[in-house]
Amino acid sequence: MNYLPHQHTLTIALPTALKKGELVCHHLTQKYQDFKVSLARVPNSLVRLTTEHMASGRWLVQVFWTDGDREYFLEEELMIRG
């Protein structure tokens, strides 16, 4: 997971064997800001998410995916400054 605050971009590199998955973003103090993104057929195995409209503060970013045989999970905390 790579966050570039000056470009308002979060990039997540996933394995090419990804069959399906989900990206879940939880704002740690403003739950109404939470959102999910379905992942299927990710070009180049890269997920790019703009953070331009995400509220300032601490976020918990979770990625769930499967390769068809096994399930995987990635979690990182992200700080967005306004």
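This chain uses plain numbering: 1 for the first residue, then up along the sequence.
Listed by first and then second residue, the salt bridge (charged side-chain N to carboxylate O under 4.0 Å, His left out) pairs involving residues 69-82 are R58-E77 (not counting sequence neighbours).
Using modelled atom types, no side-chain atom of H26 and backbone atom of L28 make a donor-acceptor pair closer than 3.5 Å. No donor-acceptor pair under 3.5 Å is formed between the side chain of N2 and the backbone N or O of T11. Checking side-chain atoms of T66 against main-chain N and O of K20 turns up no donor-acceptor pair under 3.5 Å.
Counting only heavy atoms from C-beta outward, the side chains of L14 and V63 approach each other to under 4.5 Å. Two residues are said to be in side-chain contact when any heavy atoms from C-beta on lie closer than 4.5 Å; F64 and L74 fail this criterion.
Separating the CG atom in L23 from the CD atom in Q62 is a distance of 9.5 Å, to the nearest 0.5 Å. Note that CD of Q7 and OG1 of T50 are 10.5 Å apart. Values are rounded to the nearest 0.5 Å.
Hydrophobic clustering (ILVMFWY, side-chain heavy atoms < 4.5 Å, transitive): F73 and V24 are in one cluster.
Summarising the geometry of I12 relative to M1, their closest heavy-atom pair is CG1-CG, 3.6 Å, with the distance given to 0.1 Å. Across T51 and T9, no two heavy atoms sit closer than the pair OG1-N, 3.7 Å.
Residues that satisfy the side-chain contact (heavy atoms from CB on, under 4.5 Å) test with F35, not counting sequence neighbours, are C25, V37, L49, M54, W59.
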